[in-house]
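In what follows, a structure is listed as structure tokens, so that the remarks can point back to it.
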Amino acid sequence: MSTLTGIWGKFNKNRGNAFGYGLLIPSIIVFAIFTFWPFLYTVYLSFFDWNMISPEKEFVGLRNYMEVLSDSKTYRIIGNTFLYIVLLLAINCVVPYIFAFVIDVVLKRFNGFYKSAMFLPAFISLVVGSILFTWILNPVSGPLAIIFGWLGLEIPNWTKTQGWVILVLSLITSWKVFGYNFILLYASINGISREVIESARLDNVPLWRLFLQIILPMSSATGIYVFIITIVQSLQYVFTPVKVITQGGPDYASSNLIYHAYHEAFVVYRTGHSAAISIITMALFLILLFLEFKLVERGIYYEN
Amino acid sequence: MKEIKFEHIRKFYGDTEVVKDLSFTVKEGERLILLGPSGCGKSTILRMIAGLEDITDGSLYMDGKKMNDVPSGHRNVAMVFQNYALYPHMTVKQNIIYGLKVHKLPKQEIQDRLDSVLDMLQLRGLEDRLPKELSGGQRQRVALARATVKRSNFFLLDEPLSNLDAQLRVSARKELVKIHEMFKQTIVYVTHDQIEAMTFADRIVLMYNGELQMIDTPTNVYHRPANIFTAKFIGSPPTNILEMDYNQGRIIIGQQSFELTEMWKRHIKKAQIENLVFGIRPEHVQLSKSPSQNGLKGEVKYIENQGDSYSVYLDLDGQEMIALSEDRHWHQGETAYLSPQLERIHLFNKETENSIGYPEELNETENNMEERGIYV
Amino acid sequence: MKTNRAVALTWHIIFMATVLILVFPIIYAVGMSFKPLQDAYNNVLNILPLHPSLENYITLFDTLPILQITMNTFIIASVVTIFKIVTSFLAAYAFVYFDFKGKEILYFVLIGTIFIPFTVTMIPNYLIISEMGLLDSIWGVMLPQLADAVGIFLIRQSMKSIPVSLVEVARLDNMGHRRIMKDIVLPLVRPAVTAVGIWFFISTWNEFVWPVLILKTTDNYTLPLALQMFISSEGGTNFTVAMAVSVITMIIPLILYLIFQKYIIGTFTSSGIK
């Protein structure tokens, strides 16, 4: 806040600027209380041993981090997290990218219908989705199991099976996330000048080349944005089906860093561990984003 | 005293100086045009008058008062923007009177002003339309109307006609003149179009690279360019500028030369500058197929049809010279003989690129010619 | 180059299948909510109930204060939406129309918060709410959700597309910021503000993570929490009642979707991501 008062004097001659700061104050207060301070406090908590109830917090230095990082569970969970990320990216980044391209550029009919229908689940509670899919994908009595039964196929008992549980939870999360990402990517591809696409077609450029060499680079700013929110936000969305369906089980097989931080804090009351895991999660996100930018930076084409 | 005075005004964007030590005065009730290529700083000057840009250094006076720190709304300024800046969600009428209503003018007064401007700019019947339902010309007139009803002392126009086609520009210029004759505002008008400048201005300020090149009447800017830039910028095709040597009353271009008149010789002697650059407008070079006295010769390179005449591009010992000719029988590779009209030549100091001025005798003639309406 | 018919058909089949997967569960939920539980178990494949009954809804109203719960959800979503829209609009206005030192950094920091996982602020926010004595209250649910930079981002994008000269004309007419905001900027960004508002409402309505931490008693529940009751404790035996709650949870978002779908798609489309 001190920087703000510092600038105040400079603009004193112009009452307008005081007004400008006034406009920002509500946002700044809310963010200070519910985002910035909590962030710092989490960093602080990660150096203490505490159970959220006891009046005493014991300073333990880096011990929380050491414990978390020497626990084999943690590596499993990090592994799970990466598996989630890869699956979510494939389903909610790669597939909608291709879909958006085909619907906008290749096909001429039903565009509006596809857009509306695919966007619909984005409006619906993921808890609803979780419960519904638990029923629909029930390996014994669910409708899908019955149809598979006619074909002589079996649905694995996915809530209890390693690997499968992550795949199915990713699919359920994607049910909600897919449409939103699709709309963003569609908008970006739709914004590319038709002349560019038409001239490529006049040159008889094959579709896959059109996609990879023209559409992809020209929509890459949005593409990167979708890539990032898929990692950061979808992973948080996964929390809901995990909490509703498996609570991280069986034996942490469906847990990820987000759920695990919650679990440590509010199920087993180890705030220090939880805080350390959150900070590690953020660090991992930052590294991922950094790598992403390093790798793709040169290829970015900023729309407009 | 509705005059605007710039005193040593400078403007920086970061480290770039976009307006360099500018001093001039816009006289009360005058139509002043700021002319120059894009990026010359002319729009910045206009926006400084409007108070939309800060002034880095120097003083701006309007109506005798220093204005540097006075907010836009208190400068009694009306402005027409290049994109018209009409409020898209308001009708024509709402657009025009919005400012008046906000300042709580009496209802009757607002109505009177609205009526008169609707009639003057032929906007009757369009009052309830939204801007998107208007043609480009109509939008431009609404923008003019909105600025006019303010009855401000200062009227600023930023490329107001550049989005119109050629025919609409002519009628829009007439409307502007009509508005000015009615209200006699002090007008500052930014354009990059020299025809607009020539036809509309009382005086022209020619800018280049943030520097004032010349401020004078359209006639003088055309016939008495203060420097090489002005000579080249004004007129189409541009003034020919050629490297030359001066020796004992003769101008030497390449291997050829011709003799100046006595009054030029006296003038050059008086100016004491012999390191010169030669300039002449294409329309002041006479072209013929046979050798002429005291003339030059060149090879025809290229011919451009201008409608009523032809621009003939000539090679003059390695330098290019354009001449206007009414004769269309010129062929590439042909030799042409040209003689410059000696009272219409321009000479510039090679180092400073400024004009060395004109012989006194010519200045007198200039005035006489203007009175007799020889210059258009 | 003409698109091959067979290729087009293949794509259409793929898209139709995707649409089916995405939309089918919603229709299925509606059908199930009108089936008695036994019917649901015996005729899993029938989407439409053979003997439609309101049994599930009656059970629901008997076991839960569902009206109160719906009301809670509505109040939370409305208050959070209105607050976020107002503060986001004001902040976006400051970011677009004022110049001050540190503007870029402040904007960057605020937008950066979008990418912070919620677990990073979870414990301290829980402690704050607890300190304020707001555990198990709708205020406790609302407050931490007020810090959200998405609105600032989207509304700012929309404001930036207004030509600056419109605001300059108003400044030349000596209009204050309050008036410029109300008469010029707000009408021009209204579509974006509406779309963002609807989006806020829907996401708060559906919010699950934070209410789960804060709310304890059923009287204070929101709909997604009520929904969870029927699956976690009884292992899915009350599936059809859960479907009835689902339907109640979905009604308002679905109506809003039908009305505002174009607006919202339009805003995400035009705001772009830069």
Chain B contact via C:L188 - which portion, at a heavy-atom distance below 4.5 Å:
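Looking at C:L188, just its side chain touches chain B.
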For [X], is the [atom1] atom crowded, meaning more than 12 foreign heavy atoms sit under 6.0 Å from it?
X      : atom1 : answer
C:L20  : CG    : yes
C:K262 : NZ    : no
B:K93  : NZ    : no
C:F74  : CZ    : no
B:K5   : NZ    : no
C:M71  : CE    : no
C:L9   : CG    : yes

Which pair of heavy atoms, one from C:L166 and one from B:P88, lies closest together, and at what distance?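 Where C:L166 meets B:P88 most closely, the heavy atoms are CD1-CD, 3.6 Å.
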Which heavy-atom pair separates B:M90 from C:D183 by the least distance, and what is that distance?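 Residues B:M90 and C:D183, closest heavy atoms: CE-O, 4.0 Å.
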Please output the residues of [range] in contact with chain C, using a heavy-atom cutoff of under 4.5 Å, in numerical order.
range                       : value
residues 40-53 of chain B   : B:R47, B:A50, B:G51, B:L52
residues 125-146 of chain B : B:R146
residues 108-120 of chain B : none
residues 99-107 of chain B  : B:G99, B:V102, B:H103

Bottom line for B:Y87: the part with an atom under 4.5 Å from chain C's heavy atoms is both
At a heavy-atom separation under 4.5 Å, does B:L156 approach chain C through its side chain, its backbone, both, or neither?
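When you check distances to chain C, no heavy atom of B:L156 falls under 4.5 Å.
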Next on the checklist: When you compare the side chain of B:M79 with that of C:V169, does any pair of heavy atoms fall below 4.5 Å?
Outcome noted: no
Ranked by heavy-atom pairs below 4.5 Å to chain B, first place among C:L172, C:V167, C:I162 goes to C:L172
Begin with the C-alpha distance, continue with both residues' side-chain angles, and end with the deciding distance and a verdict on side chain to side chain contact (heavy atoms under 4.5 Å, CB included) for C:I184 and B:Y98. CA-CA 11 Å; C:I184 295 162; B:Y98 174 60; 4.1 Å; yes
